[in-house]
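Predicted model only: the values in this text are computed from it and were never measured. Below, read A as the first sequence line, B as the second, and so on, with proteins coming before strands; counting in each chain starts at 1.
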Amino acid sequence: MKKLISDLIKKTCENFDVIIDNQDIEIDRPKALDHGDFSTNIALKLSKQLRQKPREIADQFVKFIGSHSLFSQLEIAGPGFINFFLSSEGRVAQLNEIFSKRECYGHNDSGGQQSLQIEFVSANPTGPLHIGHGRGAAIGDCLARIFSANGWRVTKEFYYNDAGAQINNLALSVQARLKNISPNDADFPEDGYRGDYIVDIAESYTQKHSITVDGKIYKASGDIDDLKNIKEFSIAFLRNEQNQDLANFRTTFDVFTLESSFYENDQIKSVVQNIKNNNYTFEKDNALWLKTTEFGDDKDRVMQKSDGSYTYFVPDVVYHKNKWERGFIRVINEQGADHHSTITRVRAGLQALNIGIPKDWPEYVLHQMVTVTKNNEEVKISKRAGSYVTLSDLISEVGCDATRYFLISRKADSQLVFDIDLAKSNSNENPVYYIQYAHARICAVLSQAKQSAQNISVQDIERLTTKNELQLIKKIIEFPDIVLLAATEKSPHYLATYLKDLASDFHSYYNESKFLIDDANLKKSRITLITAIAIVIQNGLSLLGISAPEKM
RNA sequence: CUGCCCGUAGCUCAACUGGAUAGAGCAACGGCCUUCUAAGCCGUAGGUUACAGGUUCGAUUCCUGUCGGGCAGGCCA
């Protein structure tokens, strides 16, 4: 429909010999009902070029376009907007699309089935997942669903930093617990992890448990002095726990990549050598530096320390080279904003390889911190101190649906406050129930109408004339735009906001109008409308990984 | 000191990326269940969009500066 309108405008411009950019044609969905179903600001934009008043230009456009069967009228409003009002034929055409596409309504093929990877969560295997990881999981998983719906072939990936110093700290912490050294003792590792979960790992280790992760079996020997075994078992234990938490959060991954795998076969060495050969390095103070300043950084960074080991971002560069070689046209990394400084370094490293990677590859979605409050006090999230709110606690207390909704309903780059007490005690007031309730209400009506969603046919909907009805029709035919917007802006929260608005419009309608009425014709029209609404709510919730119950 | 993010109703947040009268939910007040699910609806009240300039037909949105909050700035990860 938008395409149709912009073609009409293009044709008009050609007729008047006006030269325009395709980008200059903006088709909007006005928020006010009496501003029509679509609007364009083309006349305002052309005002300067044509040296005419916007309303005069708009008038010529409207006269040229004339009448069209899909529109009941075109109107010039405000400073010079042209508003398009759908005719009932136009509405029928739009509603037919909903019923013919069903669970695919709203989807598009803008991605052209190209391959896209989204990496998210990527928590270190040094502790349980906390609420911050939950935000990453929710945003990343929703983005994956959204991009699939936009015609991308999506791979969801989790990267484990299982090779750094913090892993040694983990092993040492578990070993200390095995030796009955408590975190308060002076002997406890200085940078050790002090949380109670370390005790759980130690106990499991003592009992010689076996854990299977990603198809591999890890067996605890129970030997207190076997640090290598303690390390491997601890990682397996925590990875397994993280995967379970994520599964309970309806978040799954296609690929798990381990940082340790890049230390095999001299992969890091050869990448560093390539960068060296390309003259993007220099030696200073007995260390090897990367000239990141040539790629926009404010100072150069050490790649290889004087002791011969590599700094943390070097494996990241290798990992991203690996992603590139796997053929991903686009890679989106969802991370906490506290890691934003790595963006420049990773991109710089990839540029220094000189293998044709675009400057702005990979892309990043950064989410800001989640603050947790309980009893009106902030709960500090500190893994080392052992006090934090785990994702698993949150899911069991608040529920998967509500937690997911809450964590994606705000844009990623603003900080959010998660009030545990509110989420727990007043869980019925959580907005997600509001949306699900609208769906459940429709299902109840349909079941009493003995109306299966399968045999609806859109026919005459001229009887749908109330303000609520027109508003709802306008809203549901807007859905495909929102799906596209959420992808282009990499922002799932647009869907959350949209669904809440749609549910609100429906609840108003529900209170105003009855559906199971004697007037068979009107009844049929209304049933058609609410069935379409149910389809849209289902599709929208599905893109957010939230269930759409038929009864509540 | 430098870079990035944020600042909107008492609180938590939106605002279709520059559009028309800045909107929801909590909290407050007043109404609506004999009728398809009241986890709902309707109404009242609540705003100098942190502040000061600039850009233009038009700014919560873009630019500059100031103030305030957060996060980074390591041969830690």
Enquirer: Step through it carefully: locate the ring centre of A:Phe81, locate the ring centre of A:Phe38, and say whether they are under 6.0 Å apart.
Expert: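 Centroid separation for A:Phe81 and A:Phe38: 6.0 Å or greater.
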
Enquirer: What pair of heavy atoms forms the shortest contact from A:Leu407 to A:Arg135, and how long is it?
Expert: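 So the minimum-distance heavy-atom pair works out to CD1-N, 3.7 Å.
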
Enquirer: So what does A:Glu550 touch, heavy atoms closer than 4.0 Å: a base, only the sugar-phosphate, or nothing?
Expert: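 The residue A:Glu550 makes base contact.
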
Enquirer: A:Asp285 near the nucleic acid: base, sugar-phosphate alone, or nothing, with a heavy-atom cut-off under 4.0 Å?
Expert: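 Here A:Asp285 touches the bases of the nucleic acid.
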
Enquirer: Restricting both atoms to N or O, compile the protein contacts to nucleotides 31-34 of chain B shorter than 3.5 Å, with distance only.
Expert:
none

Enquirer: Please say whether more than 12 non-hydrogen atoms of neighbouring residues, nucleotides or ligands are located less than 6.0 Å from NZ in A:Lys467.
Expert: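 12 or below, so no.
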
Enquirer: Would you please confirm or rule out a distance under 4.0 Å between OP1 or OP2 of B:C76 and any side-chain N or O of A:Lys305?
Expert: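 Answer is yes, contact under 4.0 Å.
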
Enquirer: Ignoring hydrogens and geometry beyond distance, is the side chain of A:Asn83 in donor-acceptor contact with the base of B:A20 at under 3.5 Å?
Expert: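 Answer yes: a donor N or O sits under 3.5 Å from an acceptor.
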
Enquirer: Would you say the ring centers of A:Phe85 and A:Phe71 fall short of 6.0 Å from each other?
Expert: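 No; A:Phe71 has its ring centre 6.0 Å or more from that of A:Phe85.
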
Enquirer: Could you give the distance separating B:G70 and B:C13 at their P atoms, to the nearest angstrom?
Expert: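 15 Å, rounded to whole Å.
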
Enquirer: By nearest nucleotide on RNA chain B, pick out whichever of A:Tyr437 and A:Ile82 is the more 5' one.
Expert: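 By nearest-heavy-atom nucleotide position, the 5'-most residue is A:Ile82.
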
Enquirer: Rounding to the closest angstrom, what is the interatomic distance between B:G40 and B:C33 at atom C1'?
Expert: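 Comparing C1' positions in B:G40 and B:C33 gives a spacing of 10 Å.
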
Enquirer: With a distance cut-off below 6.0 Å to the six-membered ring centre and an angular limit of 45° from the axis, does A:Arg410 pair with A:Phe406 as a cation-pi contact?
Expert: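 The answer is yes; both the distance and angle limits are met.
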
Enquirer: Starting from the C-alpha separation in whole Å, work towards a yes-or-no answer on salt bridge (charged side-chain N to carboxylate O under 4.0 Å, His left out) for A:Asp518 and A:Lys523.
Expert: CA-CA 7 Å; A:Asp518 294 335; A:Lys523 175 177 164 186; over 6 Å; no

Enquirer: Show the nearest heavy-atom pair for residues A:Glu334 and A:His367, with the distance to one decimal.
Expert: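 Of all heavy-atom pairs spanning A:Glu334 and A:His367, the closest is OE2-ND1, 2.7 Å.
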
Enquirer: Do the ring centers of A:Phe295 and A:Tyr280 come within less than 6.0 Å of each other?
Expert: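 So the answer is yes for these two rings.
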
Enquirer: With a 4.0 Å cut-off on heavy atoms, is A:Ser513 in touch with a base, just the backbone sugar-phosphate, or nothing at all?
Expert: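 Contact class for A:Ser513: base.
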
Enquirer: Say you pick atom P in B:G23 and the same atom in B:U44; how far apart are they, in whole Å?
Expert: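 My reading of the P atoms in B:G23 and B:U44 gives 13 Å.
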
Enquirer: Does this structure show an ion pair linking A:Lys291 with A:Asp297, if we count only N-O contacts that are shorter than 4.0 Å?
Expert: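 Result for this pair is no, no salt bridge flagged.
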
Enquirer: Tell me whether the side-chain N/O atoms of A:Ser508 come closer than 4.0 Å to OP1 or OP2 in B:C42.
Expert: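 Checking A:Ser508 against B:C42: at least one side-chain N or O falls below 4.0 Å of OP1 or OP2.
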
Enquirer: Considering only the C1' atoms, how many Å lie between B:C16 and B:A24, rounded to the nearest integer?
Expert: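 Roughly 16 Å separates the two C1' atoms.
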
Enquirer: In residues 307-318 of chain A, which residues come under 4.0 Å of RNA chain B by heavy atom?
Expert: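 Heavy-atom cutoff 4.0 Å gives A:Thr311, A:Tyr312.
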
Enquirer: Is A:Arg55 reaching over with its side chain to a backbone N or O of A:Gly78, donor-acceptor style, under 3.5 angstrom?
Expert: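 A pair under 3.5 Å: yes.
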
Enquirer: Can you give me the N/O atom pairs linking the protein to nucleotides 59-63 of chain B at distances under 3.5 Å, or say none if there are none?
Expert:
none

Enquirer: Going by the glycosidic torsion and a 90 degree boundary from 0, is the base of B:C33 oriented syn or anti?
Expert: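 Syn conformation for B:C33.
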
Enquirer: Decide, applying a 5.5 Å centre-distance limit and a 30° plane-angle limit (both strict), whether A:His35 stacks on B:A20.
Expert: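 A:His35 vs B:A20: stacking yes.
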
Enquirer: Just to be sure I understand the rule, does A:His340 reach a base, reach only the sugar-phosphate, or reach nothing, if contact means heavy atoms closer than 4.0 Å?
Expert: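 Base, at least one base atom sits under 4.0 Å.
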
Enquirer: Indicate whether any N or O donor in one side chain lies under 3.5 Å from an N or O acceptor in the other, for A:Gln60 and A:Gln52.
Expert: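 Yes.
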
Enquirer: Using a 4.0 Å heavy-atom cut-off, does A:Glu478 contact any base of the nucleic acid, only the sugar-phosphate backbone, or nothing at all?
Expert: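 Here A:Glu478 touches the bases of the nucleic acid.
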
Enquirer: Would you mind classifying the nucleic acid contact of A:Lys284 as base, sugar-phosphate or nothing, using non-hydrogen atoms under 4.0 angstrom?
Expert: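 Base contact.
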
Enquirer: How close do A:Gly80 and A:Pro54 get, heavy atom to heavy atom, and via which atoms?
Expert: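 Smallest heavy-atom distance, with atoms named: CA-CB, 4.3 Å.
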
Enquirer: Given that both pair distances must be under 3.5 Å and the pair must be Watson-Crick or G-U, what runs of three or more consecutive pairs involve RNA chain B?
Expert: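 RNA chain B stems, ordered by first number: B:1-7 with B:67-73, B:10-13 with B:23-26, B:28-32 with B:40-44, B:50-54 with B:62-66.
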
Enquirer: Please classify the nucleic acid contact of A:Ala77 as base, sugar-phosphate, or nothing, using heavy-atom distances under 4.0 Å.
Expert: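 Base contact.
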
Enquirer: Establish, yes or no, whether a centroid distance under 6.0 Å links the rings of A:Tyr434 and A:His507.
Expert: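 Yes; A:His507 has its ring centre under 6.0 Å from that of A:Tyr434.
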
Enquirer: Start with the C-alpha distance between A:Lys323 and A:Glu119, add both sets of side-chain angles, then the distance that settles salt bridge (charged side-chain N to carboxylate O under 4.0 Å, His left out), and finish with yes or no.
Expert: CA-CA 10 Å; A:Lys323 289 186 185 182; A:Glu119 181 206 325; 2.7 Å; yes

Enquirer: Counting any heavy atom closer than 4.0 Å, what does A:Met369 reach on the DNA or RNA strands: base, sugar-phosphate only, or nothing?
Expert: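 Counting heavy atoms under 4.0 Å across all strands, the contact made by A:Met369 is with sugar-phosphate only.
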
Enquirer: Restricting to nitrogen or oxygen on both sides, can you table the protein-nucleotides 11-14 of chain B pairs closer than 3.5 Å?
Expert:
{"unit_1": "B:U12", "atom_1": "O2'", "unit_2": "A:Arg410", "atom_2": "NH1", "d": "3.0"}
{"unit_1": "B:C13", "atom_1": "OP1", "unit_2": "A:Gln415", "atom_2": "O", "d": "3.1"}
{"unit_1": "B:C13", "atom_1": "OP1", "unit_2": "A:Val417", "atom_2": "N", "d": "2.9"}
{"unit_1": "B:C13", "atom_1": "O5'", "unit_2": "A:Arg410", "atom_2": "NH1", "d": "3.3"}
{"unit_1": "B:A14", "atom_1": "OP1", "unit_2": "A:Lys411", "atom_2": "N", "d": "2.7"}
{"unit_1": "B:A14", "atom_1": "OP1", "unit_2": "A:Ser414", "atom_2": "OG", "d": "3.4"}

Enquirer: Would you call the rings of A:Phe61 and A:Phe16 parallel, tilted or perpendicular, where under 30° means parallel and over 60° means perpendicular?
Expert: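 Rings of A:Phe61 and A:Phe16: tilted, 30 to 60°.
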
Enquirer: Any side-chain to backbone donor/acceptor pair from A:Glu489 onto A:Ala486? Under 3.5 Å, distance only.
Expert: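 Absent.
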
Enquirer: When the C1' atoms of B:A14 and B:G47 are considered, how many whole Å apart are they?
Expert: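 Approximately 15 Å lies between the C1' atom of B:A14 and that of B:G47.
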
Enquirer: Can A:Asp28 and A:Ser39 be counted as having a side-chain donor-acceptor contact under 3.5 angstrom?
Expert: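 A:Ser39 and A:Asp28 do not have a side-chain donor-acceptor pair below 3.5 Å.
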
Enquirer: Look at the side chain of A:Asn41 against the base of B:G19 and say whether a donor-acceptor pair falls under 3.5 Å; ignore hydrogens and angles.
Expert: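 A donor-acceptor contact between them is present.
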
Enquirer: With a 4.0 Å cutoff (strictly under), does any side-chain N or O of A:Lys514 reach OP1 or OP2 of B:U37?
Expert: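 Checking A:Lys514 against B:U37: no side-chain N or O falls below 4.0 Å of OP1 or OP2.
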
Enquirer: Check whether any side-chain N or O of A:Gln448 sits under 4.0 Å from OP1 or OP2 of B:U37, and answer yes or no.
Expert: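 It does, given that an N or O in the side chain of A:Gln448 lies less than 4.0 Å from OP1 or OP2 of B:U37.
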
Enquirer: For the residue pair A:Arg239 and A:Tyr160, would you count it as a cation-pi contact if the rule is NZ or CZ under 6.0 angstrom from the ring centre and within 45 degrees of the ring axis?
Expert: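 That pair qualifies as a cation-pi contact.
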
Enquirer: Kindly confirm whether the side-chain ring of A:Tyr510 is stacked on the base of B:G40, judged by centres under 5.5 Å and planes under 30°.
Expert: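 A:Tyr510 vs B:G40: stacking no.
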
Enquirer: Determine the Euclidean distance between corresponding C1' atoms of B:A15 and B:A59; express it in Å to zero decimal places.
Expert: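 Straight-line distance between the two C1' atoms is 13 Å.
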
Enquirer: Taking OP1 and OP2 of B:A38, is either one under 4.0 Å from a side-chain nitrogen or oxygen of A:Arg441?
Expert: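 For B:A38, OP1 or OP2 has a side-chain N or O of A:Arg441 closer than 4.0 Å.
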
Enquirer: Between B:G46 and B:U8, how far apart are the C1' atoms? Round to whole Å, please.
Expert: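 Those two atoms are separated by 13 Å.
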
Enquirer: Could you tell me how far B:U17 sits from B:C11 if I compare only their P atoms? Round to whole Å.
Expert: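 Per the computed distance, 29 Å lies between those P atoms.
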
Enquirer: Is A:Tyr434 close enough to B:C41 that one of its side-chain N or O atoms is under 4.0 Å from OP1 or OP2 there?
Expert: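 Yes, A:Tyr434 has a side-chain N/O under 4.0 Å of OP1/OP2 on B:C41.
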
Enquirer: Applying a 4.0 Å non-hydrogen cut-off, can you work out what A:Ser504 is touching in the nucleic acid: base, sugar-phosphate, or nothing?
Expert: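 No contact at all - A:Ser504 keeps every heavy atom at 4.0 Å or more from the nucleic acid.
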
Enquirer: Regarding A:Glu489, tell me which of base, sugar-phosphate or nothing describes its non-hydrogen contacts under 4.0 Å with the strands shown.
Expert: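 It contacts base atoms.
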
Enquirer: Quick one: which residue pairs count as a salt bridge (Lys or Arg N to Asp or Glu O under 4.0 Å) with a foot in residues 308-322 of chain A, not counting sequence neighbours?
Expert: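 Passing the test, one end in residues 308-322 of chain A: A:Lys321-A:Glu325.
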
